[in-house]
Structure formats: C-alpha cells, structure tokens
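In what follows, chains are A, B, ... by sequence order, proteins preceding strands, each numbered from 1.
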Amino acid sequence: MVNRTPVIAVIGAGIAGLEAARQLKDLGYKPVLIEKAPVVGGHVAEWNRLFPDLSPAADLVQSLSKGAGSVKTYTDTEIASMGRLKDGYSLILGNGETLLCDAVLFATGFHLFDASKKEEYGYGIYDRVITNRDLEQWFNNRHDPRVANPKAVGFVHCVGSRDVKAGNTQCSKVCCITAIKQAIEIKEEFPEAEVYCFYMDLRLFGKKYEDFYIKAQRDYGIHFIRGRVSEVGEAIDGRVVVKAEDTLNGKPIKVTLDLLVLMAGIVCNPDAQHYAREIGVAVDEDGFLRSRDNVSSIVESSRPGVFYAGACTGAKTIPETLAEARSAALTIHQYFNKRK
Amino acid sequence: MIYQGKQKIWADYQKEIPDDHWFYVRSCIRQNFFPASEKYFLKICRDMLGRDIYESEHHTTCAGIAYHCDTIPQETAMTVVARQFALMTEAGYDNLVTSCITSFGNYVEILETWREFPELEEKIREHLWKACRREFNKPKYVAHASDLVYKLRGEIAERARFQLVHRATGEPLRIVEHIGCHYSKMFPHKGVGGAEYPCVLSGMAEAWGGQVIDYPERRHCCGFGFRQYFVKANRGYSLSNTHKKFESMEPYHPDMIITNCPGCPYFLDRWQYVISEMNGKTYGQNGYGIPALTYEELAGLVLGVDPWDLGLQVHQVAVEPLLDKIGIPYDPSRKYLGMDEKKIMTPGLPTTLKCC
Amino acid sequence: MRERIASHFDPFVIPFLVGMAFVLGYCLIAMIRVIAQLPKEDRKRFLVSLITPKYLWMDVRDIFLNCLIHVKLWKRNRVLGYMHSSIAFGWFMIIVLGHLEVMLFVPERIHLFYYPIFFNYFVAETEQTIQGSLLMFLMDFFLLMILSGIALAVIKRFASRIVGMRRTTRLSLLDRVGLYSLWAIFPLRLLAESFTAHISGGSFLTIPTNWIFRQFLGNDLNALPTWWAYSIALGVFMCVLPFTRYMHIPAEMLLIPMRNAGIRIRHSRKGFALLEVYSCPACGVCIDACPMSVQKANCKDCTVYLNRQLRRGNERRIEEISDKCLLCGKCTAVCQVGVQGPELRIAQRERRKYALSPSFADINVRPMASAVVHGAGGESGGVLYFAGCMTQLTPSIRKATTSLLDKAGVRWQMMDPDGGLCCGRPLMMAGRTEQARELIAKNLEIIRASGCDTLLLSCPICYKVFKEEYPLDDIRVVHHSVFFQELVASGKLQVQKEEGLKLVWHDPCELGRGCGIYDEPRAALAAAGEVVEAAKHHTESICCGGSLGSLTLSFDQRRPMVQNALDNLTAADPAEIVTGCPLCLSTFVRQADRPVRDIAEVLDSRC
Amino acid sequence: MDFGFTLSPSSAVNLDTVDHARYDRLVQLAPDALTCIGCGSCSATCTAAPWSGMSVRKVILCLQRGRDEEVDAMLSRCMLCGKCTMVCPRGINTRHLILTLCRLDRKGEVVR
C-alpha cells in the first residue's frame with residue numbers, strides 16, 4: 001500500500017528519539033520528531049558527565065542531534081491529541097498542524113521523581129537538600145549556592161524508587177551508579193569532604209560499574225551505609241541531620257551533613273500514558289508503556305504501527321536506550337517491509 | 001529553611017473543618033493533668049466565639065489507651081467508639097470533635113478500617129445493638145479540638161489581649177510545637193499540614209505572634225508510648241526519648257512548648273523535673289525549665305484569662321518567667337488558691353529545677 | 001738466597017699491617033660479642049662442641065669444604081663455584097705458601113707478620129733450587145688461579161647472565177670499595193712481583209711479565225710504588241672488610257661450628273641471628289631463587305637485603321621485608337652459607353609490640369575432647385585425622401582422605417568434624433609464638449583425649465607444627481601423602497595405574513623444605529600414573545604464592561607468583577598438577593590451565 | 001533521688017561525634033579495608049567465630065562506628081588461620097588487616 005515514503009512520528013527528542021530518527025532517516029523513511037521542550041536531548045541534556053567513563057553528556061547530545069540534523073523536528077510543541085486512522089495515526093499538534101503518519105514511535109522517556117513527595121527528606125523545605133538533577137546543574141554551571149564547600153555530603157539512594165509509598169515499586173536502575181559517580185565527582189571537587197551513600201541494595205550490574213564502586217571505596221574513601229534514610233531534620237546552623245539505620249551494624253545512625261543529595265528515581269511520563277490511551281496502547285501497572293513481550297519484543301506495542309524506544313517502557317541506561325532506539329528503527333523497517 | 005516549601009505542603013494537606021455544631025468528647029486523663037484546658041476550650045468556643053458545642057455526660061473512654069496497651073482487642077474499642085457515635089447521633093450532631101489525640105487517632109483509624117472493611121462495621125453495629133440497644137450514624141467530620149482552634153485562630157487573634165512576643169525586645173517568642181503521634185502520623189491527610197510538617201499548632205503560634213522553631217528531633221515522640229511509661233521497668237526508655245528531644249531543642253533556646261495531646265505536655269513538663277534530678281540538667285533560662293502548655297492554655301493566655309484560672313499552677317515547670325516575658329499580669333499569692341479561694345497544698349521544691 | 005733489605009722493614013708494609021691489626025681486632029671482639037650474646041645453654045653447648053673431637057672434625061671439614069672450596073656452589077653453578085673457590089682457595093694457598101717460604105728460607109723472620117705476604121720484596125730467592133722453583137711455580141700458579149677468578153668476578157659484575165645469574169645484588173658504597181680493592185690486590189701483586197722478578201726471582205707468570213716490562217721500562221723505579229699499591233689495596237680491603245659483605249669470610253668460620261653445635265636463632269638481632277646476618281656474602285643467589293622476584297619491585301625484599309638492612313638497622317625496611325616474605329625457605333635452600341631467611345624474619349616479627357593480643361587459654365575444648373573419646377568407642381589407638389582450617393575450605397581433600405582411610409580399612413576418626421582450633425602455625429609464622437603455644441595446649445588436650453596412636457594431617461602447615469612443636473612423642477604424626485604411600489606400598493590400597501598419565505608433584509614448602517618429605521608422595525603417585533618433574537623441584541620447588549607466611553602481600557601481588565609457580569610445574573606438560581597442601585591447591589586452582597588435585601583425590605579416584 | 005529507672009544513652013551511632021581514629025589509621029596502613037562490601041563470607045568461615053563472634057566485616061564496621069570494645073572482644077580469639085583471606089571476594093588481606101589493627105592503640109597510634 002505504501003508507495004510514498006512512510007512517515008513516522010517520533011514522540012520525544014531525547015536521546016532515544018534522536019537516535020531512532022537518525023536510523024529511520026538512514027533507512028529511507030521520513031521520521032518527524034516532536035518535542036515538548038524548547039531543546040532536544042531530554043534529560044541527558046541536563047546532565048553534566050555520564051557514568052562510567054565520565055564522558056561529557058553534551059558531547060553525546062550534540063552528536064545525536066547532529067545525526068538527526070536533517071530530520072523534521074518540532075520543538076516546543078505539545079501534542080494536543082492523537083487518533084487512529086485505518087492505516088496509520090493522526091496527531092494534532094499544539095501549533096495547530098495535523099500530522100498524518102504511518103507509524104508512531106514513543107520515545108517519551110521518563111519523569112524524574114518529584115523528590116518533594118518524600119516529605120520526610122525535606123526537599124524544597126531544607127536549604128541543604130538537593131536532588132541528583134540539581135547537582136548535575138551545579139556541575140554544569142556552578143551557580144547553586146547550596147553546594148558551598150561542604151564538609152560532609154550524603155547521597156540517598158532509591159528516592160521514589162522501590163517504594164510502595166511513593167507509588168513506584170520498580171528499581172530505577174541508574175541511581176546507584178549515578179550516586180557513585182556524583183559522590184566521586186564531589187570528592188574530586190571537595191577532597192576533604194566526608195561522603196556517605198545511604199543505600200538499600202547496591203545494584204551495579206553494568207560494564208565497569210563494579211570497578212567504579214571499588215574506586216569510590218578505595219580511592220575516594222566514600223562511606224557506604226546500608227540503610228535507608230528515614231528522616232531528615234534541620235540543625236540550628238542550617239545543616240541537615242540525617243537519620244537512618246545502619247543495617248549491617250543493627251543500630252540507628254545519625255549524621256549532620258552540609259549537603260544531602262536525593263537520588264530521585266525514574267518514574268513514568270504521564271504524557272505518554274495519556275497519548276497511549278488515546279490510541280489504545282496498553283499501559284503497565286507501573287505506569288510505563290506495555291511491550292508486546294518483555295523478553296523478545298520490548299520495542300513493540302500490541303498495536304500495529306506503534307513502537308517504543310527507551311525509558312517509556314521502564315528505566316534504562318543510556319547504552320540500553322540507544323540500542324533500543326536502533327532496534328526500534330529496524331523493527332519499524334521490518335514492519336513496513338511486511339506491509340509491502 | 002525554605003518557608004514557601006512548607007506552605008506548599010500545608011496547602012496540600014488542608015482538611016475541611018466545619019465551622020459550627022460539634023459534639024465534643026473529652027479525654028480520660030487531661031482533666032487531671034491540665035484541669036482547665038477542656039473547660040476553657042468550651043468556654044472560648046461557646047462564650048467568646050459563639051459556637052455550638054455539645055457534650056454528653058454519658059460518653060466514656062474511647063478505649064484508646066487500653067487498645068494501645070494491647071489489653072483489649074480492636075473490636076472492643078470499636079464497639080465503645082460506636083457507642084460514642086450513637087450518643088452523638090442521639091444528640092443530633094454530625095461533627096465529632098475530640099479533646100484527646102489518641103481518641104482522634106482511634107476514631108479515624110476505626111472509620112478508615114470500616115471504610116476498607118464494611119462487614120466489620122456491620123458486625124460492630126450488631127455488637128452495639130446487642131450490648132446496649134443503640135444505633136448510630138457515622139460522623140460526617142471528625143476533628144481534633146486543636147483543628148477547631150486552628151480554624152478559629154484568626155478570631156482568637158482578633159480578640160487577643162496579648163501577643164506571643166517578648167515584651168522587652170519585641171521579638172516573637174520561640175515556640176516548640178509538639179504534635180501528638182496519633183494526630184497525623186497514621187493518616188497524614190487527616191491532620192492539618194500532614195505528618196511531616198503539621199501546621200495545626202504552628203498555625204496558632206504564628207497567628208498569635210510567635211515564631212515556631214524547627215529542630216532536628218521535632219518529629220520524635222514525647223516518650224509516653226503507653227506501654228513504655230505504664231510499665232515501670234520501661235519507664236527509663238520513655239524518659240530517654242523525652243531527653244533526646246530536649247537535647248535537640250536546647251540550642252534553640254525555646255521560650256515554650258505547645259502541644260495538642262494529653263500525654264505529651266505532661267511528659268514534656270514532668271520529665272524536665274526528673275532529668276534535673278537525675279543529672280542536674282535544666283533546659284530553660286536561669287535554671288528554670290521550658291514551660292509546656294496545651295494549646296487551650298495558650299489560647300486562654302492570649303485571650304487574657306488569668307493564668308491560675310487556666311490551671312498553670314499545676315505545671316511542674318514554673319510558667320512565671322514566660323508570663324513575665326509576654327507581660328501577662330498574675331498574682332503570685334493566688335497561685336495555690338483553689339476555686340473556693342482556699343489554699344490548696346503548696347508543692348515541695350525540686351533540688352535543681354528552679355521553680356517559683 | 002739473600003735478604004735484600006737489611007732492616008727487614010720498609011714503610012710500604014704499614015698499610016697492610018694497619019689493615020691486618022684492625023681486622024683481627026675487630027673480628028676478635030665481634031666473635032666474643034656473638035658468643036656472649038648467646039643464651040647460656042647455647043653458649044655452653046657451643047663451647048663444649050669445640051672440644052668434642054666429632055664436632056671439631058665436622059667443623060674443620062665444613063670450613064674447608066664450604067669456605068675454601070665452596071662445594072655447595074660448585075654443585076649449583078660450576079662457573080660461580082670455580083670463581084669463588086679459585087679466589088678463596090688460591091688466596092689461602094698463597095698465604096700458606098708465603099709462610100712456608102719464610103719458614104724454609106728465613107725462619108728467623110717468622111715473627112714478622114708482613115714477611116710471608118711481601119716475601120719477594122724482602123727476600124731475593126733463586127729459582128735454581130728445586131725448592132725455590134717449585135714454590136715460585138706454585139705461587140704463580142695460585143696467583144694465576146686467583147686472577148682467573150677475579151676476571152670471572154669482573155665479568156659477573158657487569159654481565160651476570162654469562163655466569164648464570166639473572167640478577168645480582170646491588171652493592172652499597174662500601175661494598176664497592178671492598179670489591180674494587182679486592183679486585184686490585186691480585187693484579188697489583190702480580191705487578192709488584194713482576195717488577196722484582198729479575199731480582200727476587202719468579203716463575204712462569206712473573207718472569208715473562210718482568211721481561212715484557214723491562215722492554216720499555218728502563219729502571220726499577222716502578223717496583224716500590226707497586227709494592228706500596230699492593231700493600232694499600234690489602235690495607236684498604238681489610239679496613240673496610242668489617243663494614244662490607246666480605247665480613248662473611250670471618251663470620252662464616254664461626255657460623256659453621258655454631259650450626260654444627262645445633263645453635264638456633266633465639267633473638268631477632270643478637271647472637272646467632274647477628275652471626276647469620278654477618279655471614280651473608282650478599283652473593284644474591286637468593287634473589288633469583290625468591291618466588292617474589294617475579295616482580296622486579298620485590299627483589300629488594302629478598303634475604304640478602306634483609307641482612308643488609310639488619311646491619312644498617314633500618315627498622316622501617318626491616319619490618320617491610322620481614323612481613324612481605326612468603327617464608328617458603330627457598331633462599332635458605334640455595335644459600336651457600338645457609339642463612340635462614342624465614343627464621344630471621346619470624347624473629348623480627350616476634351619482637352613486634354602489640355596493643356592487643358589474642359588469648360586462647362580459657363577456651364573450653366572439653367566438648368571437642370569428649371567428642372573424640374566417644375568417637376573412638378572408648379578404644380585407644382587408631383588414627384586421628386585433623387583436617388585443619390584450610391582443608392575445611394577444600395572439602396574434596398577431606399572427602400578423599402576419609403574415603404581412602406575407609407578403603408584401606410584403617411580405624412580412624414575426625415578431630416575436627418565441625419571445625420576445630422587452628423594448629424598454631426599461622427600464629428607462629430606471624431611471630432605470635434606465645435599465643436600459638438596456648439593453641440597448641442588446647443589441641444593437645446583434644447589429641448590426648450582421643451587416645452590415638454597416629455595423628456594424620458592433610459595440611460603440611462599443620463603437619464610441620466604438630467611434628468615440631470607438639471610434645472607428641474608416643475603418637476606418630478604423619479602427613480597423608482606419606483601415610484597413603486605406606487598403604488599403597490603394603491598393598492592395603494590397590495591403586496590402578498594409568499599408563500601415560502603424566503602427573504607432576506608440587507612440593508609444598510612446608511612439606512618439602514619444611515619437613516624434608518619429597519620421595520613418598522612421588523612414590524605414591526607413581527602407582528597412579530607417570531610422575532614427571534617440574535623445572536625446579538625438590539628443595540628448589542617454587543612456592544605456590546598463596547603462603548600464609550606473607551603478612552602483607554596482596555592478592556593481586558601474588559598472582560604473578562602463582563603464575564610463575566604454575567609455569568614451573570607445567571614444564572613437562574603434565575596432565576594434572578598434584579599437591580599435598582590445601583592452600584597450594586586453592587591457590588593453584590584459581591589460575592591453573594589444567595586440573596589441580598590433592599594427592600588423596602588422585603589416589604582415591606583410582607582405587 | 002531514685003526513681004526506679006534511669007536515663008539510658010541513645011543506641012544510635014552519631015557519626016558527628018564518633019571517634020574513628022583507629023579506623024583512619026588502619027585504612028592508611030591497610031587500605032584494602034576500604035573495599036569491604038560487608039558480604040559476611042569472612043564471618044561465616046571464621047575459625048574463631050564460635051569463641052568471640054569474630055567477624056572481619058563487623059570489625060571494619062564497628063571501627064567506623066566507634067564500637068571499639070566489640071572490636072577488641074572479637075579480635076581476642078583470632079588465630080590468624082587465614083580462612084577469611086581465602087574467601088574474601090574483594091581480595092582483602094584480612095590477616096594483615098587484623099595484625100595491623102592489633103598494633104594500634106585506641107588513638108590509632110602504632111605501639112612501639
């Protein structure tokens with residue numbers, strides 16, 4: 001049926017969208033990138049350096065957006081509504097345009113958990129409590145006065161992850177290694193600072209992650225305390241008092257810190273759920289989009305012509321996301337080949 | 001501290017509190033500890049602010065203490081509570097206001113349990129019917145008396161004779177607010193301001209001119225803990241928890257503590273004496289303690305009620321330095337005069353803790 | 001024959017005399033000091049040995065063979081053996097012949113120390129007589145022998161590989177002074193004697209040299225300065241000798257009789273330890289032998305450098321070197337002098353102070369003791385098998401051992417079925433002898449309670465300490481490799497031999513060098529397959545690298561040592577590596593490219 | 001005055017005030033102590049554990065938490081058998097760690 005070049009709407013111009021768009025373009029399709037934010041790159045564009053090699057995030061975003069350079073891209077554009085057509089989908093964009101496409105690729109990514117929802121940690125209440133994103137911002141621009149020559153810094157893993165009370169039972173996968181990365185970076189900036197990581201489990205599954213962990217212990221003397229922070233209070237001098245159980249010691253533990261960094265986790269993007277419902281794509285209990293099969297077809301939905309790439313189906317690392325983006329492009333290619 | 005952050009949280013945890021027509025249930029123990037608090041709650045609401053508050057002489061304990069001491073099963077507590085609801089229904093009220101935090105927690109817990117397990121409610125209705133042939137409607141609103149005072153704080157402020165301000169310096173008084181654990185820790189949305197940063201008391205303190213201090217152990221239990229206190233062998237545990245709070249608030253030099261729970265002001269008051277006897281330490285200025293008041297007492301003081309009529313003489317920690325700070329007049333010679341103007345007994349003086 | 005110098009004296013002998021007086025005085029005092037530092041019973045033992053003919057004969061023989069002939073070195077490396085014995089024996093003979101000349105020709109001058117040394121300057125001799133020509137011939141012969149040795153020494157110093165040494169010692173400044181003065185002595189003697197050969201006579205070496213010089217040197221003006229130079233070289237050498245490695249020459253002469261008398265290291269720095277330190281010739285043979293030397297950085301931690309640091313009193317380095325060592329004992333096995341590297345190090349570890357010391361005296365072992373009593377069914381005798389800590393981590397050894405015991409119909413029981421106490425050897429290696437003694441007492445309680453007549457060990461670490469430190473006179477302490485070899489030999493264990501199955505036996509340090517057991521395991525293995533040898537084996541086997549002896553070597557630092565030991569074992573391409581130590585086994589298994597098994601496993605799988 | 005009960009100290013470890021001089025010195029002398037991941041292999045295999053509850057994992061942890069008495073009690077039965085070194089997945093030289101620790105006084109000074 002397809003005689004003209006198939007059009008593929010790629011929702012989200014984060015790293016998954018950018019990479020998938022480039023691959024689709026190279027395969028001879030006509031991808032269209034739709035990005036809500038004014039700039040492309042998604043969350044990675046807000047990051048400073050990437051684990052485990054501490055490579056600059058900007059380089060990655062730059063090379064990906066260069067790759068997708070000739071792809072038609074709408075930035076600062078919301079999708080007002082989506083609808084199903086006989087052989088494709090229609091998207092009404094916020095700017096009034098209607099986009100008819102043969103396939104949709106969700107590259108909608110994730111939301112960073114709103115750390116202020118964990119009220120006991122006092123994000124937004126205590127000056128010295130920041131999130132992983134705030135710290136990356138500081139690494140980028142050094143503006144945040146809260147990160148001022150700290151003597152003691154704490155990292156709380158699993159903020160909003162693996163937490164029924166926060167509504168997210170899934171593991172965000174990247175926080176452990178991000179915490180270690182940021183802890184090392186803090187130690188490099190402030191070698192005299194004592195750095196504590198409060199963790200429930202350390203999930204260091206990826207290539208070089210364990211080496212990074214050993215480095216954090218041996219070369220930087222970062223203290224790892226197995227126990228989840230239960231509450232944070234403010235001391236008279238504005239520093240924060242952190243309470244946790246040192247579970248390996250079986251005793252409560254208390255420490256006063258100059259800076260507490262909350263490792264806000266990866267949660268689903270509610271926009272993706274909204275679009276999914278509009279075109280009849282299933283959503284998992286955890287709020288992420290449901291794949292046709294979690295083992296063999298992670299990038300496919302149960303609906304023909306709807307595909308996924310990246311963290312819209314669950315927490316992913318960058319290499320996983322990029323691999324999925326390429327995989328999604330190939331899967332779309334096969335989809336059109338079959339329809340011919 | 002980012003005040004706007006707290007305001008945001010407070011905005012998320014506002015609860016609907018009807019303005020008028022309340023069925024009031026008293027606490028089992030408060031009349032002994034703070035004899036005028038409940039009286040002045042009623043007096044302020046009814047006489048000064050013109051609200052309709054009804055109380056029945058037939059109401060009993062809510063069984064919360066027994067429940068938290070693990071001496072009765074929850075079903076028994078539920079039946080007792082059902083009877084209170086029946087009294088309320090019979091009196092023609094829908095809004096229940098409790099004096100006691102544990103009662104409040106108990107009522108909320110039972111209503112929430114019934115919401116989750118309606119068959120349990122039916123069973124309790126049967127129990128109640130079998131026991132005393134009563135029937136009840138569930139209250140439309142359950143509030144703690146401090147919720148009501150929080151709601152009326154503006155009206156009280158309008159009528160206030162005194163501000164919570166240091167008369168000599170003009171600085172707001174530094175106030176530690178202590179919320180009873182059963183107020184919102186179990187059901188954060190049932191308390192004004194939630195569980196982490198409740199504003200029911202801080203709202204009053206600020207409305208009346210004071211400044212709330214946020215110290216690290218602010219959330220910590222007063223140490224009462226029912227079984228911890230009632231079993232003498234565990235009493236050191238109770239004391240140690242209170243001690244932890246005092247150590248944490250000490251650097252802030254609080255002028256007073258206000259609470260909304262029957263047990264908390266009692267322990268925050270009396271343990272100061274015990275700690276001073278045990279290790280010679282006092283937490284107020286010049287060897288005095290930190291006065292621990294109920295919110296009703298505080299409202300009474302603000303409205304110009306005579307301190308001795310508010311029953312402040314039964315506090316262990318002397319309140320006179322606080323009264324002096326605010327500039328509330330009092331007659332020292334009347335301190336230990338009873339209602340009939342006859343001398344009640346004068347207490348002995350502690351070894352270390354300074355009292356007037 | 002005539003005396004050339006009427007005064008029988010020339011000032012050039014003064015450097016020699018000073019050197020001689022100094023070195024003799026120094027050595028005498030040092031000797032008295034060492035003997036005085038010995039514990040009383042050791043001192044008595046030593047002095048008695050000196051007047052016991054049996055020991056006296058041993059002493060003379062050993063000094064001759066070791067100090068002059070260097071028999072051990074000959075066995076190890078002929079070039080080095082020749083080099084050392086040519087210098088030592090040649091020099092000795094020159095001195096002897098010098099004295100002989102004096103006694104023969106000018107017996108009235110025998111009281112003059114310098115006469116035998118500078119004989120040809122003072123006495124003009126004729127080679128016309130048989131006596132004269134023979135002596136002169138011998139003098140030249142031995143001088144040539146020494147010079148050839150010196151030539152080899154020079155080559156060795158600058159290209160040690162030619163003489164078969166990969167690495168040689170880095171010399172200290174004084175050592176260099178000593179070395180160069182030693183090298184200078186004999187060429188200078190040749191020159192001096194040559195310059196005077198036309199006056200005082202000479203032989204096949206000195207006369208032609210004299211003739212050559214006389215072709216272009218018109219007068220004898222060179223003679224006296226050369227004799228001066230010769231005397232100065234001797235003087236310098238003797239003056240620096242006590243402060244250089246050449247101190248081993250006099251020290252070894254005392255060490256040999258002391259060792260023959262059975263004296264052991266009893267103090268980290270005094271007495272016998274001091275003597276061993278001074279006996280070290282710093283030849284550097286231990287550097288190549290040391291398993292740690294696989295990594296260049298560790299070469300500085302070999303025994304030769306321990307001795308040097310002990311002489312210098314550099315405590316930081318002494319501690320570092322002492323703690324790093326694997327205590328494999330190979331340095332002692334290859335040492336010409338027999339310096340006990342491991343024992344010296346343990347002595348250093350023993351002197352350490354601790355803020356905290358473990359104590360085992362109040363451990364209640366009664367339940368363990370009563371368990372073994374019941375286990376034996378009240379009968380005395382039988383085998384008590386102590387698996388030990390390391391075997392707990394290698395259950396295959398324990399299983400194979402007990403299986404073999406059952407197959408052979410031996411009545412046995414376990415001493416530590418649910419884990420026991422440590423044998424005490426690791427504590428001893430760490431220098432915590434006192435604490436080890438407490439453990440030994442506890443284990444003894446259990447062993448005695450069992451009523452066994454044989455204590456069987458599958459771990460050489462345990463075996464060594466049970467054999468040497470436990471008073472178990474009436475109980476046979478035996479390593480399982482020996483025990484099973486006996487059972488195989490007596491036919492109680494029928495082992496099926498697989499022809500062509502190449503097995504290499506790794507000699508565990510504690511079993512081989514530690515307890516001298518080399519042949520029994522090989523004999524037992526021969527019943528199962530074809531025993532091949534490693535490149536280095538028996539006393540020269542290479543430590544697996546896992547030894548508990550080292551206190552500081554990290555896991556990563558040990559890896560190349562393990563690899564080196566494995567490469568050594570697989571030289572003959574065996575199908576399996578067989579050992580008799582659970583620690584060697586665990587260490588090898590991690591890195592080996594072929595199966596590694598305990599001897600018990602090998603035997604058990606074939607019978 | 002005897003009330004029949006006493007004020008008990010908090011069981012919480014306060015990292016602000018805890019004295020970890022001995023730990024600091026230990027990791028200077030035996031840096032591999034830093035890499036402990038608290039897996040407990042050492043405790044499970046320990047020969048001395050039945051007599052003193054010895055556990056290298058706990059020793060390292062207690063040192064950081066100022067629980068010196070427990071450390072000393074645990075070390076009091078260590079036989080240096082080396083099993084913990086054998087099983088440590090991080091390759092920590094536990095015997096060196098123990099011996100080094102035994103040489104430090106409470107202030108973290110090496111006794112001479």
Side-chain angles (χ1 to χ4, degrees), chain C residues 315 319 323-324 349 352-360 362-365 367-368 388-394 416 418-432 435-436 438-439 442 459 461-462 546-559 582-583 586-587 590, chain D residues 21-22 25-26 29-35 41-42 44-52 54 59 63 68-112:
Chain C
E315 293 297 335
E319 185 176 317
D323 287 2
K324 204 176 201 180
R349 294 175 185 185
R352 207 149 294 162
K353 295 243 180 352
Y354 286 94
L356 198 78
S357 290
S359 128
F360 311 104
D362 54 343
I363 282 182
N364 179 16
V365 291
M368 293 161 94
C389 301
M390 285 299 152
T391 310
Q392 311 276 1
L393 288 177
T394 47
D416 52 347
D418 306 310
L421 295 173
C422 175
C423 61
R425 176 75 180 144
L427 278 167
M428 288 206 151
M429 284 181 169
R432 313 216 71 182
Q435 284 77 26
E438 291 182 8
L439 272 186
K442 291 290 158 185
C459 173
I461 305 168
C462 306
S547 168
L548 290 176
S550 172
L551 304 178
T552 54
L553 277 177
S554 72
F555 182 71
D556 284 336
Q557 284 172 308
R558 289 172 190 255
R559 287 166 81 97
L583 183 52
S586 312
T587 310
R590 285 188 216 113
Chain D
R22 207 150 59 129
R25 187 86 180 104
L26 176 71
L29 299 170
D32 51 359
L34 284 165
T35 63
S41 309
C42 47
T45 198
C46 182
T47 308
W51 289 283
S52 70
M54 172 64 181
V59 164
L63 280 173
D68 283 89
E69 278 78 15
E70 287 165 67
V71 171
D72 294 355
M74 283 190 272
L75 291 175
S76 71
R77 299 285 201 227
C78 175
M79 307 174 194
L80 291 178
C81 72
K83 282 175 85 182
C84 46
T85 311
M86 298 285 289
V87 297
C88 179
R90 278 288 174 91
I92 299 173
N93 187 342
T94 49
R95 296 171 76 238
H96 178 228
L97 190 151
I98 292 163
L99 279 168
T100 307
L101 193 53
C102 285
R103 295 180 66 187
L104 301 181
D105 64 17
R106 283 286 171 87
K107 288 178 188 142
E109 300 296 327
V110 177
V111 291
R112 296 284 171 199

Visitor: Going by heavy atoms in the side chains, are H96(D) and D323(C) under 4.5 Å from each other?
Guide: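 In short, these two side chains do not touch, never coming nearer than 4.5 Å.
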
Visitor: Is the closest side-chain heavy-atom distance between V87(D) and L393(C) below 4.5 Å?
Guide: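 Yes, close enough: below the 4.5 Å cut-off.
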
Visitor: Measuring from atom OG1 of T45(D) to atom CD of Q392(C), what distance do you get when rounded to the nearest 0.5 angstrom?
Guide: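 If I round to the nearest 0.5 Å, the distance is 8.0 Å.
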
Visitor: Output the option from C78(D), A30(D), A48(D), C81(D) having the highest count of non-hydrogen pairs under 4.5 Å with chain C.
Guide: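 The option with the most such pairs is C81(D).
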
Visitor: Considering only heavy atoms, which portion of S52(D) lies under 4.5 Å from any heavy atom of chain C: side chain, backbone, both, or neither?
Guide: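 No part of S52(D) comes within 4.5 Å of chain C.
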
Visitor: Under a 4.5 Å cutoff for heavy-atom pairs, which residue among G388(C), S550(C), G420(C) has the most contacts with chain D?
Guide: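 Looking at each option in turn, the highest pair count goes to G420(C).
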
Visitor: Who among T85(D), D72(D), D105(D) has the most heavy-atom pairs with chain C under 4.5 Å?
Guide: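 That would be D72(D).
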
Visitor: For a quick test of reading the model, state the closest non-hydrogen atom pair linking C422(C) to T47(D) and the distance between them.
Guide: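 The pair with the smallest heavy-atom distance is N-CG2, 4.1 Å.
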
Visitor: Kindly compute the distance separating CZ (R22(D)) from CG (L356(C)), expressed to the nearest 0.5 Å.
Guide: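 R22(D) atom CZ to L356(C) atom CG measures 7.0 Å (nearest 0.5 Å).
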
Visitor: Under 4.5 Å, counting heavy-atom pairs only, tell me which of R106(D), R77(D), R95(D) racks up the most with chain C.
Guide: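 That would be R77(D).
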
Visitor: Between R103(D), M86(D), R112(D), which residue shows the highest count of heavy-atom pairs closer than 4.5 Å to chain C?
Guide: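 Result: the option with the highest number of such pairs is R103(D).
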
Visitor: To the nearest 0.5 angstrom, please state how far the CG atom of L551(C) sits from the CD1 atom of I98(D).
Guide: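 Those atoms lie 11.5 Å apart.
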
Visitor: Heavy-atom pairs under 4.5 Å with chain D are the metric here; pick the option from L583(C), L421(C), D556(C), L439(C) that has the most.
Guide: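 That would be L421(C).
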
Visitor: Please look at L75(D) and chain C and tell me whether the side chain, the backbone, both or neither of the residue comes under 4.5 angstrom of a heavy atom of that chain.
Guide: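 When you check distances to chain C, atoms from both the backbone and side chain of L75(D) fall under 4.5 Å.
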
Visitor: Would you say R90(D) has more than 12 foreign heavy atoms packed within less than 6.0 Å of its CZ?
Guide: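 Yes, because the 6.0 Å sphere around CZ of R90(D) holds more than 12 heavy atoms from other groups.
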
Visitor: Specify which of G419(C), G424(C), A430(C), S359(C) makes the most heavy-atom pairs with chain D at under 4.5 Å.
Guide: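 Of G419(C), G424(C), A430(C), S359(C), S359(C) has the most heavy-atom pairs under 4.5 Å with chain D.
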
Visitor: Using non-hydrogen atoms and a 4.5 Å limit, figure out which bit of L553(C) sits close to chain D: side chain, backbone, both or neither.
Guide: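 Contact with chain D: backbone only.
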
Visitor: R425(C) versus chain D, heavy atoms under 4.5 Å apart: side chain, backbone, both or neither?
Guide: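 Looking at R425(C), nothing touches chain D.
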
